[in-house]
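Below you'll find the structure, written out as structure tokens, and then a few comments.
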Amino acid sequence: MTHSKYRIELHVPSVLGFEKVAMDAASAVARQMGFEPTRVDDLRTAVAEACLNAMEHGNQFAQDSEVNVLMICEDDRLDVNVLDEGRGGTAPRITEPLTVDNPPLGTHGNMGMFLITQLMDEVEVTRLPEGSLVRMTIYLKHALASLAKIGLQ
Amino acid sequence: MSNELQTNLRHLENASIVDLLGDVTATSDAILTTAYTAATDSGKLIVLNFKEASYINSAGIAIILSLLNRARTNGRRVVLTSLSSHYQKIFHMVGLDQFATIYESEQAALSAAV
């Protein structure tokens with residue numbers, strides 16, 4: 001089965017819990033494409049965290065705001081684009097892992113972007129006029145991902 | 001939309017087990033704190049059992065980290081059990097396994113830690 005340029009788009013409200021809708025949809029798409037279960041789990045967490053960042057930082061949990069999730073299936077990879085409405089004024093941040101010497105501050109550590117970068121093969125954050133876009137890519141074959149990372153593919 | 005976290009506290013001879021049932025997210029702070037406080041009353045080892053926690057996000061992890069930090073400050077011993085292999089990986093990534101030992105199962109935790 002080829003997957004070239006199948007597109008699936010969702011709009012989820014900026015309400016905690018609805019990130020699971022995007023997470024489950026991405027999971028279903030990845031399974032359909034033949035991703036291994038461990039990679040599907042990685043994608044589930046990354047998509048949920050990207051949506052949570054968009055809801056909180058990009059959309060300030062505004063009731064009338066939405067998070068746009070666009071999944072693009074290619075033969076060798078799945079791209080997931082998560083776009084907020086830019087109401088927060090701050091682009092997503094990548095944080096360092098917490099350690100004994102770097103303990104969590106309060107109850108809302110910002111480790112979502114860190115997890116996304118660890119779990120996905122490629123991550124790109126772009127500030128657009130309409131909001132912040134997080135583009136995440138996972139490849140069906142890890143070898144392709146490795147080649148892409150060093151610019152040979 | 002969310003599967004709100006519930007907890008179940010079991011007092012064993014040498015440990016207090018806190019079963020986490022549902023999603024561990026930003027809304028779990030109060031219930032986790034309440035369960036942890038109740039578990040500390042026994043003065044025994046505290047085991048957080050994630051067997052029925054199917055969704056844990058970064059806000060939930062931050063709450064767990066905060067709780068473990070508090071336990072460390074107060075000299076309380078807390079271990080974690082029954083995480084899926086995915087969440088074991090996630091907890092390792094964020095450094096959470098530096099705050100508490102993670103065991104494969106409740107029995108493994110009780111055998112090794114008590």
Side-chain angles (χ1 to χ4, degrees), chain A residues 10 12-25 27 35-57 61 67 92-120, chain B residues 1-6 22-37 50 53-78 80 83-102:
Chain A
L10 301 173
V12 294
S14 296
V15 176
L16 290 178
F18 277 91
E19 79 278 6
K20 292 170 68 178
V21 174
M23 179 178 85
D24 287 340
S27 173
F35 280 94
E36 296 173 1
T38 55
R39 297 250 68 199
V40 174
D41 283 342
D42 290 348
L43 181 70
R44 288 172 64 82
T45 291
V47 169
E49 294 301 329
C51 288
L52 288 168
N53 269 339
M55 289 175 186
E56 181 176 359
H57 301 295
F61 290 123
V67 177
R93 291 183 299 128
I94 296 174
T95 58
E96 294 298 318
L98 299 162
T99 66
V100 176
D101 297 325
N102 178 27
L105 301 173
T107 58
H108 296 287
N110 182 17
M111 67 185 86
M113 275 307 296
F114 169 76
L115 285 175
I116 292 168
T117 57
Q118 293 293 303
L119 295 170
M120 297 289 92
Chain B
M1 286 307 300
S2 65
N3 180 17
E4 289 281 339
L5 182 69
Q6 298 178 47
D23 297 346
V24 184
T25 67
T27 61
S28 306
D29 197 3
I31 192 164
L32 264 176
T33 301
T34 301
Y36 169 76
T37 302
F50 289 85
S54 55
Y55 172 55
I56 308 169
N57 65 25
S58 59
I61 293 171
I63 291 168
I64 295 164
L65 276 164
S66 179
L67 190 150
L68 294 177
N69 215 22
R70 190 188 322 166
R72 176 189 289 262
T73 301
N74 296 332
R76 303 310 307 254
R77 194 153 167 246
V78 180
L80 316 180
L83 282 155
S84 69
S85 57
H86 176 67
Y87 284 117
Q88 285 187 43
K89 179 173 73 178
I90 297 288
F91 280 25
H92 176 69
M93 279 178 180
V94 301
L96 192 145
D97 56 354
Q98 296 179 53
F99 289 77
T101 304
I102 299 173

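All values below were derived from every heavy atom in this structure, side-chain atoms included, with hydrogens, water molecules and symmetry-related copies excluded.
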- Item | Side chain to side chain, Lys89(B) and Thr45(A), heavy atoms closer than 4.5 Å | no
- Among Glu19(A), Met23(A), Glu49(A), Arg44(A), which residue forms the greatest number of heavy-atom pairs with chain B at distances under 4.5 Å? Glu49(A)
- Query: Closest approach of Met111(A) and Ser58(B), non-hydrogen atoms and distance?
  - Reply: CG-CB, 3.6 Å
- Message: Run Asp23(B) and Lys20(A) through salt bridge (Lys or Arg N to Asp or Glu O under 4.0 Å) and show every step you take.
- Response: CA-CA 11 Å; Asp23(B) 297 346; Lys20(A) 292 170 68 178; 2.6 Å; yes
- Item | Residue pair Leu52(A), Asn57(B): steps toward the side chain to side chain contact (heavy atoms under 4.5 Å, CB included) verdict | CA-CA 9 Å; Leu52(A) 288 168; Asn57(B) 65 25; 3.5 Å; yes
